[in-house]
Structure formats: C-alpha cells, structure tokens
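Chain naming here is simple, since letters A, B, ... match the order of the sequence lines and numbering starts at 1 in each. Values below: all heavy atoms of this structure, side chains included; hydrogens, waters and symmetry mates excluded.
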Amino acid sequence: MQQKYNPQVLEREAQRDWEASGAFCAIESADKPKYYCLSMFPYPSGKLHMGHVRNYTIGDVLTRYYRMRGHNVLQPMGWDAFGLPAENAAMQNGVPPAKWTYDNIAYMRTQLKSLGFAIDWSRELATCDPAYYKWNQWLFLRMLEKGLVYKTTGAVNWDPVDQTVLANEQVIDGRGWRTGALVEKREIPMYYMAITRYADELLAALDTLPGWPERVKAMQANWIGKSYGVNFGFSYDGSDPTSWKDGQIPAATHWPQGGRYPPQGQLKVFTTRADTIMGVTFVAIAAEHPLAEMLAACRPALQPFVEECKRGSVMEADLATMEKKGVPTSFCVTHPLTGEKLEVWIGNYVLMGYGEGAVMGVPAHDERDFHFAKKYGLQIPQVIEVPGKAFSTDAWQEWYADKESGVCVNSGRYDGLGYGPAVDAIAADLAAKGVGKKQVLYRLRDWGISRQRYWGTPIPIIHCPACGDVPVPDHELPVVLPEDCVPDGTGNPLNKRAEFVDCKCPRCGQAARRETDTMDTFVDSSWYYLRYACPDNTAQMVDQRVAYWLPVDQYIGGIEHAILHLLYSRFWTKVMRDLGLVKLDEPFRNLLTQGMVLNEIYFRKGESGRMAYYNPADIEWSTDDSGNRTVTLRADGKPVESGGIGTMSKSKNNGVDPQELIDHYGADIARFFMMFASPPEDTLVWSDAGVEGAARFLRRLWNYAVRFKTGGGPAVSPDLGKATRFEIHSVLKQANYDFAKHQFNTVASAAMKILNALDRLAGVNNDVAKEGLRILLRLLYPIAPHISHHLWRELEFGADIVEERWPEHEPEALIEEEIELVVQVNGKKRGDVRVPRDADKKTIEQMVLADPAVQKFVSGQPVKKVIVVPGRLVNVVV
RNA sequence: GCCGGGAUGGCGGAAUUGGUAGACGCACGGGACUCAAAAUCCCGCGCCCUCAAAAGGCGUGCGAGUUCGACUCUCGCUCCCGGCACCA
C-alpha cells in the first residue's frame with residue numbers, strides 16, 4: 001500500500017475499474033425498485049464550470065447512495081447541443097458550429113469522466129444529432145395535425161443587424177446584446193405551440209408535485225397567471241356622426257369595409273372588476289390595437305404617438321416604470337349598460353398582448369386609470385364605497401381598489417352589492433344583452449418556436465407557391481441540417497444553401513422552398529429525459545422502456561430554469577400523453593434546485609471609468625504590523641478594490657476552473673468540499689482554505705488506513721471500545737436521517753466525526769476500528785467514491801464497494817447501562833446526573849432533588865413540579 | 001406593489017423537529033516535532049464580569065405571547081436575498 005495519498009493515480013484506476021465492469025450501465029429489471037436520477041444536461045460551451053461540478057456531484061451522490069440502498073439506478077448524460085454560442089464562435093473563428101460543438105462535447109466528456117460520475121454513457125445523446133432531432137420534427141408534425149402547432153404573425157424583437165428574432169433576455173436597454181443595434185418590434189410569421197391550451201392543467205397539476213420547491217411552483221403559477229373576470233364589448237359605429245366628438249366623420253377610404261377593423265362593431269375589453277363598470281369614464285386601447293391603427297389612419301394627428309409607443313421596448317419591466325401617456329381619439333363608443341358615450345384613448349400603458357388589448361377606464365377604482373384621469377382632466381366618479389372611509393380625488397388611496405370590503409354605490413340597481421354578487425349580476429345583465437360573459441384569462445402566451453437561426457432543428461415545412469405550407473412527409477424525416485455552414489452574421493446561412501432550400505412540393509411535385517427557420521432550442525430539451533430510456537430506438541420516438549424509467553425520480557438543476565425549461569417539459573409531457581405516446585402526467589417527481597457557486601470579486605476602476613476585474617487566484621492578502629489588511633494584485637503589488645461576493649461569472653472574472661482543481665487536488669477532494677461547504681440548495685461560497693480542509697480530511701483518512709493495515713498500537717479497553725461504538729452508531733443514525741433530507745453537508749461532517757472517533761482509539765487492530773472504518777468508507781463513498789473504492793479493496797473489506805449494502809446503525813450499540821440526563825432548574829441548565837437506563841421517573845426525581853447542585857438553586861423554595869423527559873433531561877420547577 | 005425564501009460566533013454552517021445553542025470544518029491564538037520551514041500532532045477559541053480560575057450573568061434580527069422549557073410554535077415589526085411586475 002502506498003504511504004502517501006495520491007488521488008490522481010488511484011482515481012484513474014478506480015475509473016478504469018468502473019468502466020471495465022460496466023458498473024453503471026442501467027438495465028431494466030423488475031426485481032428492484034427503479035430510481036431515475038437526472039441532472040440538467042449541459043450546453044457544450046467549451047469546458048465545465050463550477051456550477052456543473054456542483055450540479056453533477058449532487059446527482060452522483062444520490063445515484064450512488066440509492067444504488068447501495070438496493071435501487072436499480074439510472075443516471076444518464078447528454079448534450080444540449082444546439083444554440084447561439086456555437087454560431088458566435090463560428091463567426092469569430094470561422095469554424096462550423098458543428099465542429100466546434102462536437103469538439104467541445106469530446107473535451108467536456110473527458111472532464112465529466114475525470115470527476116468519476118456514475119453515468120451510464122451507453123445512453124449518451126446530443127440534441128444536434130439527426131437521430132435525435134428527427135423526433136422534434138416528427139412530434140412537431142403530429143402537433144400540427146392536432147392544431148397544437150399553428151403559424152401566425154405576431155410582434156417580436158427583431159435585430160436589424162443580425163437579421164433575426166431575439167428573445168426578451170437578449171435585448172438589453174432596447175438594443176441587441178451582440179450587435180448593440182436598436183431592436184425593432186416586428187410583425188413576422190412564426191410557428192407557435194399552443195401551450196395556453198394546457199394552461200389550466202399546468203397550473204392545477206402543480207398541486208400534485210409535493211417534491212418541488214415552493215418557489216418554483218410559485219413562479220410557474222405566477223407565470224401562468226390565471227384570472228377570473230368578465231369579457232364584454234362597447235358597441236360603436238364609425239359612420240354615425242355622434243360617434244365623433246369633433247363631429248367629423250372620416251372619409252370612407254380611411255375606414256374601408258372589409259378592412260382589419262369593421263366600421264361598426266364591438267370594442268372588446270376584459271376586466272376583473274366588473275363591479276366597477278358603472279364608474280367607467282373612458283376606454284383605453286393599445287397602440288398596436290387594430291382600432292388604433294384604423295383611427296391613426298383617419299386622424300393623422302394620432303400617428304406620432306402611435307409610432308412612439310410602437311418603437312418602445314417589448315420588455316415588460318420597462319413598461320412598468322414608464323410614465324402613463326395617452327391621446328384622445330375623438331372616437332366614442334357606447335357603454336353597454338348606461339348607453340353613455342365614452343371617448344376612446346390610445347394609452348401607452350395598455351398591453352396588446354394581454355386580454356383584448358383594450359381596457360375600460362375606471363379612474364376611481366384603478367390606480368393606473370386614476371393617475372391617467374388626473375393627468376388628462378377626466379371625471380373620477382366614485383362607485384365603490386368602504387364604510388367609514390371618505391373618498392377624495394386628491395390622492396390615490398389603497399382602499400379604492402379593495403374588493404374584499406367594498407360595496408357598490410352610485411351604481412343604480414347594483415347599489416349595496418359586494419364584489420361577488422355585483423360581478424354576477426353585471427355579467428348576467430351583459431349576457432342578457434348578448435355583449436359579454438364571464439371569462440377566465442391567462443397571462444401565459446403561446447410559445448413562438450421559430451428562430452431565424454442556423455444551428456437548430458429545421459422546421460419540417462415546405463412552402464409551395466401552389467399548395468401553401470406543406471408538411472414534410474414522415475418518410476422524408478429527418479430534414480437534415482447541413483453541418484458545414486459557417487454563419488457570417490448576416491442572417492441565416494441556410495437561406496444561401498440552394499441544395500437545402502430548393503425542393504419539390506410533396507403534394508404537387510412543383511418546385512418549392514424549404515423553411516429555413518429552426519426551432520427554439522428549448523424544444524430540444526423539452527423531452528430529452530424521455531429519450532434516455534430508449535436512445536437506440538430508430539423506429540420510434542419513445543417505447544415501453546419509458547414506462548419503466550419515468551417519471552424522473554430526482555431532477556437536479558439550476559433555478560434559472562424554473563419557468564422556461566421546466567414549464568415546456570411539463571407541457572410536452574402532457575402533449576405526448578394526449579397523443580398516446582406516454583402514460584405520464586408529469587415528468588419530474590422531485591426537483592432539487594442547487595444553489596449558485598459564489599466567489600470574491602476584485603476590481604480596479606480605470607481612468608475612463610471602465611472596470612477591470614481580477615481573478616481572486618491572482619490576489620494577495622497581507623496584514624501589516626498594525627493589523628491593517630491590504631489586498632493587492634500579485635502581478636504588480638498594487639492595491640485592488642474588493643467588490644464583495646458574487647456568482648462566478650466571466651464578466652466578473654471570479655471563476656475557478658474545475659480542471660485546475662481536479663489537476664491539483666483530484667476529483668474526490670473537489671467533490672467533498674462542494675458537498676461539505678453548504679447544503680445543496682444554498683449558495684456556496686468558494687474557499688481555497690475550505691478545499692484545503694477537505695484535502696486534509698482525505699489525507700488523514702488515508703494515513704489512518706495505512707496505520708490500520710500495518711496494525712499495532714495499544715489494546716482498546718472494553719469501555720473505550722463500547723463508547724466508540726456508541727459514538728459511531730449514533731453518528732451513522734443521524735447521517736442516515738440527513739441523507740434522506742438530502743442534507744449532504746452534515747453527512748460529510750459525519751464521516752469526519754467517525755474518523756475523529758477512530759483516531760481517539762489509538763489502537764487500530766481491533767474489531768471496533770474495523771467496524772468503524774467499514775461504516776466510514778460506505779458513508780463516504782457517494783461523496784468521495786474513488787478513495788472509498790480503493791481502500792475497500794486495499795483493506796480487503798470486499799471485492800467491490802459498489803456491491804455493498806448501505807450501512808444501518810445497530811440499535812444494540814446505542815443501549816447504555818447508564819444514561820446522562822441534563823438537569824435544569826426553571827429551564828436553566830444546572831448540571832447533569834447519571835442514572836441507570838431503566839430508572840423510573842420517581843427514582844430519577846429523588847436522585848435529582850438530592851443532588852447538591854440542584855439543592856443550591858432550589859435553596860429552600862417549594863418545588864412545584866419536576867418534569868422528566870425520558871433519556872434527555874429533568875426540569876425542576878420551583 | 002405582489003409572490004417565495006432567509007436572518008444563529010470572526011466565517012461556512014449544525015441542533016434528533018419544543019428538550020444541553022454553536023456539532024463538523026475554516027480562520028485565529030498557544031504548544032510539540034524540526035537547524036529551519038512545510039507537513040503533521042496536541043490544547044484553546046460566542047460575549048460580559050475576573051490578574052486568572054471557579055462561580056455567575058447575557059446570548060439565535062427586533063417586540064410581544066403560548067409553555068415547566070422556544071433558534072424551533074403564534075402574533076406584530078425590521079432588514080436582506082431571489083422571482084414577477086402598468087396583467088386591466
């Protein structure tokens with residue numbers, strides 16, 4: 001046995017052992033309960049970062065633990081391989097995205113292997129593989145048949161330089177994140193997935209997921225945004241002179257019959273406060289509303305404002321802070337219940353994408369309408385009253401919008417009704433007139449999946465001049481993406497590929513154009529967890545093996561996917577269920593969102609105000625004689641400023657490269673530190689000293705094992721042996737409780753406690769030391785598998801620790817002849833007492849009262865009562 | 001503004017879920033070994049009072065409450081982190 005712990009050598013050996021025995025290949029089998037442990041697959045960006053290491057270590061700890069617990073465990077791995085960074089790298093280096101991606105995958109795979117994760121590599125998949133994305137296309141076509149995919153034209157962020165749609169996250173201060181160009185709102189045709197059809201189930205089924213964090217469920221519920229209200233219409237007639245405040249009917253050419261908005265009709269609105277309908281003084285519509293466009297055509301004076309609104313960012317957070325502005329249009333609509341004429345305003349605070357893109361304005365009982373009315377001098381009539389509170393138009397009061405205690409006033413026949421009854425009565429009256437009804441509305445929008453990008457799944461559609469948009473027939477799938485394109489930043493290179501674009505219409509055989517948009521990469525990740533069950537099936541998307549492995553028993557990933565990926569995946573699962581492909585309502589039974597990895601930030605402010613960030617590894621701390629600390633850059637010895645602690649990121653230059661860590665310390669030390677430093681869901685602050693501490697522990701363990709193998713040392717007294725066993729088994733009992741809670745930091749500390757206890761034994765060649773070490777190695781194995789694997793064999797504890805059962809504490813070891821009880825007087829600890837294990841309460845009471853320390857505090861006062869908590873403490877109340 | 005989560009030593013964190021607050025580790029201080037250093041090992045380490053110790057007092061963000069007993073439960077605040085946000 002080597003005298004020195006040499007992780008690099010023994011880790012490579014252990015990994016070779018596992019690979020040779022195929023230890024982690026998962027095979028469907030009915031004789032054990034299955035456990036599907038899944039970590040969110042990485043984007044192959046180049047190399048692993050610390051977040052990956054933490055994520056996959058958590059998954060690996062669970063995987064190895066449940067395997068030893070007797071489960072049939074699957075832990076697969078794959079690559080979320082399509083996406084923008086590959087195209088950007090291609091533009092910088094002239095390398096095709098495909099090559100860049102495959103090279104990154106090869107490197108990152110070796111990194112994952114060097115961390116010793118118990119992954120079933122036979123199931124590896126990459127989403128850029130035609131054998132995978134074929135099924136994106138196939139399911140897209142099934143959804144198209146069912147009407148779950150449709151094409152329509154909607155407002156999107158358009159980057160005029162890159163010639164593509166940008167996601168909201170890619171627009172920073174109204175500019176493209178890469179080009180810096182002002183982003184335009186554009187109306188372009190896109191394919192949408194009808195996720196809103198599942199809005200209700202996606203919301204309701206959150207209650208069936210007790211294994212998900214509250215905050216993730218809250219975020220999804222928020223995102224889906226269900227509200228109950230009334231949808232109704234204000235009737236209008238553009239040809240009626242009394243509909244125009246200025247009495248001027250616009251020329252018919254401006255409002256043509258058969259246009260996008262008819263001259264007569266209903267202007268629809270949605271409201272959750274139908275009880276305030278008698279307080280409506282105006283109607284506001286979004287600048288993008290078809291009526292606004294029509295009115296702008298009629299009244300050129302409106303055009304500048306409409307243009308201004310449209311130019312604004314699509315970012316909803318920006319809208320929230322914008323000043324409320326509007327213009328009156330002179331056009332009037334009719335109140336459905338009072339018949340009153342109300343002027344239509346175009347307002348910048350009305351969102352086209354929610355409800356009808358038009359709202360009723362009730363200044364007295366809606367805060368936005370209140371400020372709007374004050375600004376433009378509109379009437380503010382009170383129609384809701386809270387007893388004892390005085391209404392005034394001077395300033396907005398919270399209670400004006402209180403629907404719990406508010407009651408209708410100045411509302412004719414609705415006076416005196418509370419919120420619920422008033423809404424019922426008003427909805428009934430609107431329905432009777434045929435102009436409105438109750439409606440449930442969702443904030444969730446359908447999912448636009450078209451991207452004007454090259455490196456993604458081709459959308460399997462052919463545009464035929466004669467037949468229109470024609471689906472690619474199933475037998476022609478997959479539509480293969482050419483892998484040798486190099487994007488140059490001027491739009492989708494597929495458009496320039498004649499051999500890709502030019503094709504024959506499957507329906508009529510005429511020359512046609514292939515769709516060049518690709519799918520959002522979130523499509524790829526919406527079902528990969530199903531494909532791991534059957535990655536080799538070339539004939540079907542999924543097969544019966546999915547029924548064996550799914551649902552995922554434990555999913556692990558970052559909180560940043562709380563909405564997008566996790567909502568899309570739930571949606572796809574339900575779609576596939578309704579298409580009869582799987583029998584599954586929800587894909588992920590338990591979800592663990594791991595905390596971020598943080599590190600210190602150091603910077604200098606340059607003369608131009610530009611920040612220069614320095615990696616903490618290049619920083620030196622020093623303390624002078626008077627105890628003042630200075631922080632300097634090692635390279636030039638000059639001071640730098642501390643920027644506190646933040647997420648490891650490229651922009652703050654405070655990342656720690658996992659590869660350097662592995663090269664220097666080995667995988668076990670890296671894994672042990674990450675698990676020990678904080679619980680999985682909390683943030684983890686990087687600490688070089690902490691890593692050193694982990695290294696110290698594993699070295700101590702190694703040295704102990706060397707001594708154990710050599711033998712020797714003094715004999716162990718029966719008392720010490722018994723006490724040590726007691727300690728080890730109580731630590732083990734607690735560790736098993738912690739493991740069930742996924743609190744791995746205390747499991748790691750339990751391993752340390754056991755080693756400390758064994759160290760105190762001094763003698764090593766005895767049964768207690770052997771028993772303790774056998775427990776310790778198995779407890780440590782999920783966290784630091786290499787050293788545990790190696791020592792298990794080296795010490796001849798068995799052929800392979802992988803095949804061992806998980807250790808359980810022995811209750812017999814926890815039985816003591818005498819137990820120590822804490823003695824309290826009036827709830828304060830005043831000493832302790834040793835009593836026989838089977839002493840009854842009366843005996844204990846007498847022993848305690850006889851104790852001189854207790855007598856001192858009781859000091860003659862009458863004893864009211866004595867509380868004995870068996871095995872724990874005695875409290876004397878005086 | 002709404003929703004979710006927090007607040008425990010110099011630091012990361014623990015506390016069998018109402019029963020000895022501060023486990024385990026880091027940092028720090030002292031000592032051993034060494035020519036010396038590194039490594040390793042031993043001791044100490046919440047705060048106050050005290051030369052020191054004993055003894056005592058205080059102590060889990062703040063204020064009340066329930067209880068023999070509260071980091072833990074209840075009510076009312078403060079602050080911090082995260083998410084969403086003109087959603088009609």
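Only A:Y354, A:V359, listed by number, bring a heavy atom of residues 353-361 of chain A to less than 4.0 angstrom from any atom of RNA chain B.
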Under-3.5 Å N/O pairs linking protein and nucleotides 57-59 of chain B:
from	atom 1	to	atom 2	distance (Å)
B:G57	OP1	A:R830	NH2	3.4
B:G57	OP2	A:R830	NH1	3.4
B:C58	OP2	A:K828	NZ	3.4

Any protein N or O atoms within reach of nucleotides 78-83 of chain B? Criterion: under 3.5 Å, listing atom names and distances.
none

Polar-atom pairs under 3.5 Å, protein N or O versus N or O of nucleotides 16-20 of chain B: list them with distances, or write none.
from	atom 1	to	atom 2	distance (Å)
B:U16	O2	A:R872	NH2	2.8
B:U16	N3	A:R872	NH1	2.6
B:U16	N3	A:R872	NH2	2.9
B:U16	O4	A:R872	NH1	3.0
B:U17	O2	A:Y737	OH	3.2
B:U17	N3	A:Y737	OH	3.3
B:U20	O2	A:K829	NZ	3.0

Using a cutoff of under 3.5 Å, can you pull out all pairs of nitrogen or oxygen atoms linking the protein to nucleotides 22-25 of chain B, with atom names and distances?
from	atom 1	to	atom 2	distance (Å)
B:A23	O2'	A:K753	NZ	3.0
B:G25	OP1	A:N756	ND2	3.3

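Contact annotation: A:R443 does not reach the phosphate of B:A88 (side-chain N/O to OP1 or OP2, under 4.0 Å).
Applying the side chain to side chain contact (heavy atoms under 4.5 Å, CB included) rule to A:P782 yields the partners A:V61, A:R64, A:Y65, A:F739, A:W806; only residues at least two apart in sequence or on another chain are considered. Residues passing the side chain to side chain contact (heavy atoms under 4.5 Å, CB included) test with A:A358, sequence neighbours excluded: A:L267, A:V269, A:I285, A:H289. Checked against side chain to side chain contact (heavy atoms under 4.5 Å, CB included), A:V359 has the following partners two or more places apart in sequence or in another chain: A:A284, A:V350. Among residues two or more places apart in sequence or in another chain, the side-chain hydrogen bond (donor to acceptor under 3.5 Å, both in side chains) test is passed with A:D688 by A:W686. Annotation: salt bridge (charged side-chain N to carboxylate O under 4.0 Å, His left out) contacts of A:E343 (sequence neighbours excluded): A:K245.
With the 3.5 Å cutoff on both pairing distances, Watson-Crick and G-U pairs in RNA chain B assemble into runs of at least 3 at B:1-7 with B:78-84, B:10-12 with B:24-26, B:28-32 with B:40-44, B:46-48 with B:56-58, B:61-65 with B:73-77.
A:K324 contributes a side-chain N or O that forms a donor-acceptor pair with the base of B:C86 under 3.5 Å.
You'll find that the side chain of A:Q743 is closest to B:A15, out of B:A27, B:A15, B:C68. The side chain of A:P679 lies closest to B:G13, out of B:G13, B:A88, B:A27.
Going from atom CD of A:E398 over to atom C1' of B:C2 covers 11 Å, rounded to whole Å.
Listed by first and then second residue, the salt bridge (charged side-chain N to carboxylate O under 4.0 Å, His left out) pairs that reach into residues 211-225 of chain A are A:E214-A:K217, sequence neighbours excluded.
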